[in-house]
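See below for the structure under consideration.
We name chains A, B, ... by the order of the sequence lines, and we start the count at 1 in each one.
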Amino acid sequence: MAACCILAGELLHNIKLIPYYQKSSCLFIRWISTSKFQCSSQPLEKSTLQQLVGVVGLEIHAQISSNTKLFSGSSVQFLAPPNSLVSFFDVSLPGTLPVLNKRCVEAAVMTGLALNCTINKKSVFDRKHYFYADLPAGYQITQQRRPVAVDGVLTYSFLGGRKRNEVMRKNVYIKQIQLEQDSGKSLHDDVNSQTLIDLNRAGVGLMELVMEPDMRCGEEAAAAVRELQLILQALGTCQGNMSEGQLRVDANVSVHRPGEPLGTRTEVKNINSIRYLARAIDFEIQRQTEVVQRGGVVLNETRAYDSKSGETVAMRDKEGLQDYRFMPEPNLPPLLVFEDEASLPAGVEAGQAVLLRTLRAGLPELPSVRRDRLVQTYGLLPEHSFTLVNEDGLMEYFEAVMKGTSRDPRKVIGWVTNELLGLLKQQDLSVSHSSVPPAALAELLELQEAGRISSSAAKQVFQEMWRSPGKAAPQIIQERDLGLVSDDANLHQICQKVVDSHPDEVRAVRSGNQKVLNKLMGLVQKETKGRADPVLVRKILQEKTS
Amino acid sequence: MLGLTLKEVSLAFREGRISPTELCRKCLNRIKKTQRLNAYITVTEEFALKQARQSEARLLQGVPKGPLDGIPFAVKDNFCTANIRTTCASKMLKDYTPPYNATVVQKLLDQGAVLMGKTNMDEFAMGAGSTDGAFGPVRNPWSYAASYRTQAGSASDSDWVITGGSSGGSAAAVASCTSYLALGSDTGGSTRNPGALCGVVALKPTYGLVSRHGLIPLVNSMDVPGIITRSVSDAAVALGVLQGADVRDSTTVPAPSALTELPEDFDVRNICVGIPKEYHAPGLSEETRAQWSRVADLFEKAGARVEQVSLPHTQHSIVCYHVLCHAEVASNMARFDGLEYGHRSEMKSSTEVMYASTRHEGFNDVVRGRILSGNYFLLKQNYQHYFVKAQKVRRLIANDFRDVFGSGVDVLLTPTTLSDAACYHDFTQEDNRTRSAQEDVFTQPANMAGLPAVSVPTALSQRGLPIGLQLIGPALEDKKLLCVARWVEQNVGFPSISDCENTQESRKDPGATRREQASAV
């Protein structure tokens, strides 16, 4: 339980650190660009050839979203009382045998398909041996020799370029996806010098994804992991919550001069958010660069990221002496995956087999396809499609609003990504917890479209709707007298007052500087608390200044 | 009554000649009387009597569960039994009580069979003598039979012979008539070897036909629960109950056919018996060779086709068996770290120290030696050279059998062991490693290939000790194999141990023993 509390504590800590970006049109991009180190997206110039560059590969453990564990019937649940979800097999009682969970296989195969992997029709399980208190059997069942999926590619994008508004598309190759058991948790009580073991997590199904060292910096790695996270969530194969350990990312980092062999790598562990991933990698590249420039040698070691200091610190020498003594798991027959029912051998029931065709047909819309669709259907900018897809539930919200309004999608996107997301972030809420449902926002936008309120009044109404959940826009407009002022005589009077009191501006307009007209319009809106019909005001002011 | 076969006792129950409770008491008494055999590590007296009473109630109501209802049976102490300690004859598990029953145990209990106790063995089934367990060696019941005593001379107790192993306790339990059926485990011959030396029928079914769930493993890829009985038909009845797919063991397969009775119309003239020439191994005793030859002749005279065949890779089998065995042992034993269950050392200055001292204190030299060599074989630098090579040879051995059976041979006839049982004193002159290599030479190839094999007692040696022969069949042809085995049983005229009972023993319990003698097969 203590470990869980620590995690929850760090979670809160993380949230506080997330800045509030009311005006950001693309939260995710801003979010990861907090890393101080940025990749050059330009081709390398001659002068930079001798510069050291970072090389980043990732090993990702994704906890499979499944009701039961990989080889036993125990439930899978976060924050359950310690050792309450432990079967005889999980605690490695002598004589117990593993029984493979079909759901976990299907999750790994779906993930493999979504990442363009080759699915091995036949894969096998191996034992990886090491003694550790939270590994009851003394070995982990994994897929070392022939994993379930190999040779995939993940395409991810992020905003780059000088203004950081160009969509940069990159590939990272997936070496393999293997099924394996999670370990339990050890809680070291240094005061009483004892170790407490919680085996709730022991035997939970993991997909280990090995990403080739195709990335160059924290930003790229963070974007790749975020894309993976979205894919896993879309598939439902992993909930992807890093702070709960459902997605654990270890980074293999090295530096070298382009064209030369890769440098010695370090493995950075203990990273529990995407933002920290970017920071940890960039710190490590910087650290290694300095070591090499000083003429030093980078050690092959495991380093832990300390989120408080933002640094990586040496944990232990890397596996120099560790020999895992792999051997085939003799209690599990080879894992077979079939193309379709027709390819099933005699005696195998369709209900028991894992069928590729069925899984392929059931794949949901993946994030990249969603973004393309949003751009094409609504004419959005690519960066907006990123925000909608990358923020959990925001796309669904946006599309629900679009159903209830005839407003230009490019106007609606501003409301969703600025007004709504701003308030959500300010209060640290997810989209599903929005106090303004999409239909209510659509109603408000319709009122604006119909000319009933000005855009600045609409924003005030929205704030009020947020504060008073359930109150509809028309009611707020009426109560607060925020309706559009389109009374001709009244507006004439106010405009005259503004024109009279600002002779310099009027002169400027008359001499052809039409921009100054906007300032006068602003002054009129100030007088009317933003309720004046802007079209009418402009017309009146033009008349009075001509 | 105690010397009857399982089928005969079952009939006696139905005819009211004896009740399950009476029989259970008799067996418990006999266990006490034969205590010096050291066949049992744990005797489950109360549980047995309770079960026997339940069985009796069913019989009285006329609703027995089947042929095993009320039948006393024993279980090797490496099968988990719920709430009954399961030690593997090791200090590591000497106080370990599992919370569940092995599938095979559960199946027998579900049939109303009465558990008498847990039988002695070599520690973690590593041995071929039942001499290397934490609870002391098992003595072969034939050590006290008249046939042996008259040969051995003096009444001295020092010349008792071993049971073979590692399921020596189970074989001794059945041979000494304290149980009608016993479960053993067979990894390289651990059921057939003591079966041969104790003069009982010992079946190692096809790998995967009987569930290993709850069997504390030696070598997962070769372990098979073994069946020890006093007749082949009894073994068939037990296999009929035990066989079949188990959701808890992914390596099991559905039974090819229901197996209750062996067909009466079996005709030996329709079969072809192969005699593998490579089994004329060095060290094969003249007497055993003669029995082998005698039974081959019996087949021929009865009209069966008898052919010499070749299994060319046999000589390499035992070495590869040991590499694979030790590698899996190293892996399987890793779980015994003293944390979750079993022995835990008092030395706890660090987790590593606790592991090391727990394992040093808990395992005997044999187990530790196999863990050491097994880990050596699995090291990255050695894996290809040892483990992979041994796996390749294993494939060749399996192919040898496949080729022979593919050429029309129905069953192979071989010796089970090199000779009859050795005196404990002689046996322990050599170390466990050497003995295992000698004793498993004829039996482990069937484990390497996953084939069914059965040892059938054939004759008594000049020393008055049993000699058994082995029959090996193609995968999943267990039923046919048992048919051939029964034919051998019917034609060799092996004497019942009851006929050879020590006169002294008989005097102690004249009534019971006379009856047994009278009704023995």
Checking side-chain polar atoms at under 3.5 Å, does H213(B) have a donor or acceptor matched by the opposite partner on T96(A)? no
Determine whether the side chains of R335(B) and Y139(A) contain a donor N or O and an acceptor N or O closer than 3.5 Å. yes
Any chance you could lay out the side chain to side chain donor-acceptor pair (under 3.5 Å) test for T351(B) and Y132(A), step after step, and finish with the verdict? CA-CA 9 Å; T351(B) 311; Y132(A) 205 74; over 6 Å; no
Dump the intermediate steps for side-chain contact (heavy atoms from CB on, under 4.5 Å) on R248(B) and L97(A), then the final yes or no. CA-CA 7 Å; R248(B) 292 184 180 87; L97(A) 299 168; over 6 Å; no
Can you say whether [X] sits under 4.5 Å from chain A via the side chain, the backbone, both, or neither, judging by heavy atoms?
| X | value |
| --- | --- |
| V219(B) | neither |
| E328(B) | both |
| D337(B) | side chain |
| N382(B) | neither |
| F377(B) | neither |
| L215(B) | backbone |
| F336(B) | side chain |
| P99(B) | both |

Does [X] [atom1] have over 12 foreign heavy atoms under 6.0 Å away?
| X | atom1 | value |
| --- | --- | --- |
| K122(A) | NZ | no |
| R395(B) | CZ | no |
| E341(A) | CD | no |
| E349(A) | CD | no |
| K175(A) | NZ | no |
| H360(B) | NE2 | no |
| D340(A) | CG | yes |

Any donor and acceptor pair, going by atom type alone, linking the side chain of D323(A) with main-chain N or O of K380(B) inside 3.5 Å? yes
Over all atoms of both residues, closest heavy-atom pair of [X] and [Y]:
| X | Y | answer |
| --- | --- | --- |
| N331(A) | N220(B) | OD1-CB, 3.1 Å |
| P94(A) | C80(B) | O-SG, 3.5 Å |
| G138(A) | A334(B) | CA-CB, 4.0 Å |
| M327(A) | A327(B) | SD-O, 4.0 Å |

Of G374(B), P254(B), S250(B), A330(B), the largest count of non-hydrogen pairs under 4.5 angstrom with chain A goes to S250(B)
Tell me, with the steps shown, if Y100(B) and F88(A) meet side-chain contact (heavy atoms from CB on, under 4.5 Å). CA-CA 9 Å; Y100(B) 74 100; F88(A) 298 158; 3.7 Å; yes
For chain B, find which of P136(A), S193(A), G347(A) contributes the most heavy-atom pairs closer than 4.5 angstrom. P136(A)
Answer key: most heavy-atom pairs under 4.5 Å with chain B among I197(A), L199(A), L93(A) is L93(A)
Rounded distance (nearest 0.5 Å) linking atom CD of E329(A) with atom OG of S221(B): 10.5 Å
Portion of P328(A) that has a non-hydrogen atom of chain B nearer than 4.5 angstrom: both
Side chain, backbone, both or neither of F326(A) within contact of chain B (heavy atoms, under 4.5 Å): backbone
Going through the checks in order, is the side-chain contact (heavy atoms from CB on, under 4.5 Å) test met by R359(B) and F131(A)? CA-CA 12 Å; R359(B) 291 165 67 77; F131(A) 281 108; 3.8 Å; yes
